[in-house]
Each structure stands twice: as C-alpha cells, then as structure tokens.
Amino acid sequence: MLWRYAGFIARHARSVLFGTAVAFIVFAFLGVQVFGKLESQGFNDPASGSSQAASLLASQFPGQPNLVLVASARDGQSAGATLVVRAGRDLAQRLSLLTGVSAVTSWWTTQAPEMRSRDGRQVLIAAHVSSSGARSADDNTKAIITALGDGTTVLNVAVGGSQGVNNDIGTQVGKDLAFAESLAVPITLVLLLIAFGSIVAAPLPLAIGVVAVFGAFAELFLMSQVTDVSIFAINLATALGLGLGIDYALLIVNRFREEMDAHDNITDALVRTVSTAGRTVIFSSLTVAVALSPLLVFPLYFLRSFAYAGIGVVVIALLGALITLPAILAVLGPRVNSGRLRRSRPVRAASASSTFWRRLATAVMRRPAVFALPVVVLLIVAGLPFLHASFGIPDDRVLPTTAESRQVGDALRANFIGGPSTALTAVIDGRPTSTAVAAYARTVSQLPSVQRVNSSVGTMVSGQPADAAQASDARFVSANAQYLTVIGPPDTQSDASQQLVHDVRAVSPPPGTTSAVGGPAAELVDGNDAIGSHLWTAVAIIAISTFILLFLFTGSVLLPIKALVLNLLSLTGVFGAMVWIFQDGHGSTLLGFTPGVVNTSMPVLLFCIAFGLSMDYEVFLLSRIKEFHDNGSTNHDAVVSGLAHTGRIITTAAALLSVTFLAFVTSKVSFMQLFGLGTTIAIVADATLIRGVLVPAFMSVAGDANWWAPGPLRRLHRRIGLAERVSVAGEL
C-alpha cells in the first residue's frame, strides 16, 4: 500500500504542495486565536467534594474568595488609623462595583482577626471573581488588576489569591513560550545544518515542525470551543510539534538521500523511502499517540489537555511527514543535497553506517554484563530520591518571588494566622437549625490545627464563642444552605492542612443535611486522589497497547516486554532526579525556583510523554534491526548493523528534540522547568544509555529468543502484522 501511495505522491507532488499551503493558512488563521481561549487552571476533579463545595457556594452564595488584596499604608501607619480605614473602605467599595466581582469583605468591615497581619500594618480584602457574559473569570481578573493599578495615594495594594496566581502564571507562560522558542528555533536550525551539511535539506524538518505546531494550535482552538483546555498544553504542542516534525522529517530526508545515492530515479528513491522510513514513522506516531492517550482517563482537564495537544500534534506531524515532505522531495530530487557546507567531499546521509556506533554495539554484545550493569545501577540509584517524594498542586510558589501574587502568598503564610483564601469551606446543603449549626461549628473548632470557625452563629475558637456580639451573621446563610469557614494552617500544602481536610469531612453534618468541604487544601487532597485512583488504569492502557503495537511491528513477544522494562527503568532515574532537583532543592539557585512539593500531575505527564518518545526511538532502532534480520542476518549482525545505521540519526534526533524541551528550563514557572528538564533528561538517557547500551546488551543475552513468539501468535502476526519486504542486502 505504501508503495502505491508513494507513487501517487510523486505523480501529484505540486498539487499536494498547493493543498498543504492552503491547509497551513487555515491552521495559522485558527491557531493564532487559541491563546485567548485557554484556561490557566484544570487541577481539580469536577466530581470531587471540593468541586461540589465550590459549585454550592457559587449557586447559593456570592462565591468562594478567589481574589485577595494585601493592602498597607504607604507611610507605614497602622491599618486602624483613621485615614487608612477611610481609604481601605473606599477601595473595597470600588472593587465591589467592578464587573464580575462579588462577596467583597475586608478587615475594615468584618474586624476578623485572620484578615489583619500580626503587626497590624497589613489588611486583607477578599472577593470572588466570576465570569460575566462573554468574559471569563480570567478576563475579569485582568480588568480588575488594571483598574486597581498600584492602589491609592494612601494604600499600597498587591493582588493575589487563586485568580491572581492564574493571571500571573498565564502571563508568564506566554512570555516564557516566546523566549523559549526564540532560543530553540535558531539553535535547531544550526544543528540541522550540521547534521545535513546542506542548506537545502536542513530547513525541511524545521518546516514540517512548524506546520505541526500551527496545526496543533488550530486543533486546540477547535477543542476549546467544546471543552476546557489548559494553557499549558501550548507548551507541549510547541515542543512536541517541532520535535516530532523534525524527528520524522529527519528520518525520511536521510533515508531519501541514502536511496538517492543508490538509485538515480527520483520516483524509485521516494517509493523506497516511504515504504521503509514511512512505515517506521507510522508505527512511531502510533506508539507516541498511544502513550499520550491514557491522559484522557484522568478527570483533571490539565492532564486531558496534554492528550488533546499531544495526540493532535502527532497526527499533524505524521501527515506532514507522509504527505507534504514526500511531495517536497519529489520536486527537489537530487537538489536536496544542494548548498553543501563542505564542498570538498560528498555529504553522507546521517543514517549511513556509523563506525562509532558499530564499534559500541560490537563491544556491548561481546561483554553485555560489563556495560549494562553499571548503567542499571546508575538508573536505580538516580531513582532513589523518588521514594521520599511529596506531591501537591501548583500555588503561588511556582512563580518567582518578583511576581505580585507570589508576594501576596508569602505575606499570607508569614504574617497572617490564616485567611479567607486559604481557609477550608464546609458547605451545608439543607436548612439546619441554629442549634445544630452551633454544635457542628463547635465540634469542628475543636479539631487539631483549627484556629477559628466562622459561621452564621458567630465565631468559635476551641469550642467556645469568640465574641458574643457576633452571634448572628447573615453572610453565611442562604435560602437552602449555610457554610462555615475553617481557619487552619496558612500553608495549604502542608501535611497538617491535608489532615485537617480528612478530619473536617469525618465530622457528621447537622441532621437532615449533607456537607461538602472545599478550599485549596481540599482541592489538593481531591486532586491527589483523582490521579491516584486512575493511575493504574493509565499504566495498564500504556502497557497493553504498547505491547500489541510492538508485537505487530516485530512479531516478537520478548522485544515488547524488553521495551517496557527498559523504559520503566529509564523513567525511574528521571523521576528520582526531578525530586532531587526540584523538591530537595539541588540546583534551585542555578535555575531560580523555590524548592517545594512536586506537582502531582507532573510524574504522570512525564511518564506518558517520555514513554512515548522512548518508544519513538525504540521503533527507529527496531525497524532497522528487523530489516536486517528479515533479510538473513544473524541476531548479532542485525543488532550491530541496526545500531550502526540508526545510532547517529537517533542521537541527532534526540539532540534536536532536547533543544525544544530544554528551552523550557528558562521558564519562570517552576513546574514548567521540571517538565522541560525532566523530558530532556529522559530523551538523552534513552537515546544514549538505553538504545546504545541496554538494548544491545539485552538482545545479546536473549539471542534468537528475541524473535520468538508462540505458534498461534506467529500465525496471527503473519496475517495482520506489517512486515517489511524491501531488501537491504546491498547495505550489509
């Protein structure tokens, strides 16, 4: 089928290129609109207790505080000074009149102790920001920050809370992406020039990568019209689009140049290229898409968005590599080698046999234990820090200390006993009596680490009313529900805060009612539970689907198992390194981040992406090994020749792909730094330690068993597997 398809492309190359140009214009038109449609949240499970609490608050009350202003007098006066009080009340009133704002409270109106700093100089103003008409909550937050400016002539004002953090992260991600790509693209082009040695050939992979990126942007724009999509998916679409587009194009262009060296006929060279390298690209794209698809089982749209972006970009990169690129090669023909940088000698295809990789493969297969054992020990030792990993969801501490919302978060943790934005919210669905609410509030206030409980019956501290004058507060009551705010530890990521969530949920609500507990700490607990409860399903999907694909590709039972085991070993080392760097803080000064808990979603995301990219290179290598083996080579010769012909192209592809991910280390958002560095380490380790050492060592020990399968499976593979029938005898 691929032979006939390649012939069709060769005959209609110019028409295909015209169609590509039209498609790219459409991609660009839709893609540039995506940035205003994406969300900066997505770490919550919609079915969780914290989400139910937020939904009840939104429907029955003005909403949970998600915007926090820290205000202080410019001249350093106490917050209780007459002029400061007047300015503070005016500011709160001005805030309440802005679009999308509700539930504005401040110390100047409530006198709540948790809303004034310990030194009496800083005061909190809390509000709820929601969507309004066609404007999202994020749009309204931007407008609010602009309207408030730097405060008043009397007050300094800093904006934070979850909406402030989302605004700062969204702004920072846009800046980081532009800066990262301004570094990655020129470096990639230079590396391509070095790899190809030809001015004409070098830009081709980059062109396919650019098409893949804009195609993914267009796909994300369309997805955003029907579901929530995280803004962070843009980073994956960009890095993976450039990376896979370059990887696939690199493989095809190199194979085409290799075939052109052996055949003068352009059509014959193109047909052989598509039927060999094209088959590899198809299987490679399938394995990457399969590795990303388990992200769809998680209820957090942050993770699902990466599946939307990843699968979409894989499809676009595949189409570009198998439709657009062959058409370009058919038009260029031998001119693909034009513009040589080294005119003194012919340009060699990067997939031609490499002396270094042949010697390495020969040495490893002669003494597999000597080479493999140190690598295995290294990866296991590198993975040990993961045993003490702590997980959380992103808060203001993922931002640099210069970010305004980060400064607000630091002030809340250091100077306040708690606050409305860090408190737990217990929402009672029903109509309890005042006596029942008082009993419930009294029980909750006696839990460990609870400092205060505010409710419709006043404030409770350690089971006793804090102020008889506050015996009734209508803020906490609606027609069909009531809520309480539970002031606990100011650090919502702490173990004490997470334990408090479980303790509050264990308290029985008033008779005849139900309760839901929300707030940042509850969202953390629920997010961890949502990921943990779906984790093994995702792992099973990856393992089973990868096994099936590699079996169809190789006809072997042992090779898919080998691929799974080695990939897990590689990822173990990557996970440990990420904990050592980002949680334990080694390198925090160099990279400019605050050490802390690991974003719960990141190990899952890294696992799926790194696993998919590892399988990408696995397919590159196995395709050539199988090609030689099917044409009569022994297991030893097939492995040595396969690595000799693919070692250079795999390391070149890994270097190019690493550049696009490593560029994200320049980000000012720490979990995006983790994403970029973790993926880079995984790519480099896989292309060198795994493909260069452990794969040949394993295949040396296994011998002919590498190609074994039970009789029924062998017959199944002969019927439905894709076997390569192109002779490579001349390359031996």
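The aromatic rings of Phe43 and Phe232 are tilted relative to each other, their planes meeting at an angle between 30° and 60°. The aromatic rings of Phe24 and Phe214 lie perpendicular to each other, with more than 60° between the two planes, well past the 30° mark. By the 30° and 60° cut-offs, the orientation of the rings of Phe575 relative to Phe607 is tilted. Taking the six-membered ring for Trp and thresholds of 30 and 60 degrees, Phe283 and Phe553 have ring planes inclined between 30 and 60 degrees apart.
Side-chain contact between Leu177 and Glu181 is present, with heavy atoms from C-beta onward closer than 4.5 Å. By the 4.5 Å heavy-atom criterion applied to side chains, Leu192 and Pro203 are not counted as neighbours. Within the 4.5 Å cutoff, no side-chain heavy atoms of Val271 are placed close to those of Glu259. For the pair Ile266 and Pro334, the minimum side-chain heavy-atom distance is below 4.5 Å. You'll find the side chain of Leu674 reaches within 4.5 Å of the side chain of Leu606, heavy atoms only. Considering only heavy atoms from C-beta on, Leu242 stays 4.5 Å or farther from Leu656 through its side chain. In this structure the side chain of Leu67 never reaches within 4.5 angstrom of the side chain of His128, judged on heavy atoms. Between Val211 and Thr324, every side-chain heavy-atom pair lies at or beyond the 4.5 Å cut-off.
Aromatic ring centroids of Phe35 and Phe217 lie under 6.0 Å apart. Phe306 and Phe302 have their aromatic ring centers within a separation under 6.0 angstrom.
Taken to the nearest 0.5 Å, the CG atom of Leu191 stands 9.0 Å off from the CD1 atom of Ile246. Distance check, rounded to the nearest 0.5 Å: CD1 of Ile316 to OG of Ser285 gives 12.0 Å. Separation of atoms CD1 (Ile169) and CD1 (Ile231) is listed at 10.0 Å; rounding is to 0.5 Å. In this structure, the separation between OH on Tyr248 and CD1 on Ile252 is 10.0 Å, given to the nearest 0.5 Å. Separation of atoms CG (Leu193) and CD1 (Ile199) is listed at 7.0 Å; rounding is to 0.5 Å. The CG atom of Leu295 lies 11.0 Å from the CG atom of Leu300; values are rounded to the nearest 0.5 Å.
By the 4.0 Å N-to-carboxylate-O rule, Glu258 lies close enough to Arg624 to be salt-bridged with it. A salt bridge links Arg255 with Glu627; the closest basic N to acidic carboxylate O contact falls under 4.0 Å.
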Dump the intermediate steps for side-chain contact (heavy atoms from CB on, under 4.5 Å) on Asp176 and Lys668, then the final yes or no.
-> CA-CA 7 Å; Asp176 292 344; Lys668 302 300 183 183; 3.9 Å; yes

Stepwise side-chain contact (heavy atoms from CB on, under 4.5 Å) test for Phe256 and Leu325 | CA-CA 11 Å; Phe256 179 75; Leu325 187 56; over 6 Å; no

Ser224 vs Leu38, side-chain contact (heavy atoms from CB on, under 4.5 Å): CA-CA, chis, key distance, verdict = CA-CA 7 Å; Ser224 70; Leu38 304 184; 4.3 Å; yes

So Glu219 and Leu30, side-chain contact (heavy atoms from CB on, under 4.5 Å) or not? Walk me through it.
-> CA-CA 8 Å; Glu219 179 245 351; Leu30 296 177; over 6 Å; no

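When every heavy atom of Ala685 is checked against every heavy atom of Ser570, the shortest pair comes out as CB-OG, 4.2 Å. Taking all atoms of both residues into account, the shortest heavy-atom contact from Ala269 to Met260 is CB-SD, 3.7 Å. When all heavy atoms of Arg135 and Ala143 are compared, the closest pair comes out as NH2-CB, 3.0 Å. Listed here is the closest heavy atom pair of Ala317 and Ile208: O-CG2, 4.3 Å. In plain terms, the two heavy atoms of Thr666 and Ala663 that are nearest each other are OG1-O, 2.6 Å. Closest non-hydrogen pair, Gly243 versus Leu657, comes out as CA-CD1, 3.0 Å.
Between Asn140 and the choices Ser131, Ser130, Ser132, the side chain to side chain donor-acceptor pair (under 3.5 Å) rule is met once, by Ser132. Each of Asn167, Asp396, Asp168, Asn166 was evaluated against Ser405; a single residue qualifies, Asp168, per the side chain to side chain donor-acceptor pair (under 3.5 Å) test.
Panel note: side chain Asp686, backbone Ala682; no donor-acceptor pair is recorded below 3.5 Å. At least one donor-acceptor pair closer than 3.5 Å links the side chain of Arg304 to the backbone N or O of Pro299. For the pair Thr280 (side chain) and Ser623 (backbone), a donor-acceptor distance under 3.5 Å is absent. Within the 3.5 Å criterion, the main-chain N or O of Gly676 finds no donor-acceptor partner in the side chain of Thr679.
Under the 3.5 Å distance criterion, with hydrogens and angles disregarded, no donor-acceptor pair is assigned to the side chains of Ser305 and Ser230. In summary, the side chains of Tyr301 and Asn44 do not present any donor paired with an acceptor at a separation below 3.5 Å, with no hydrogens or angles considered.
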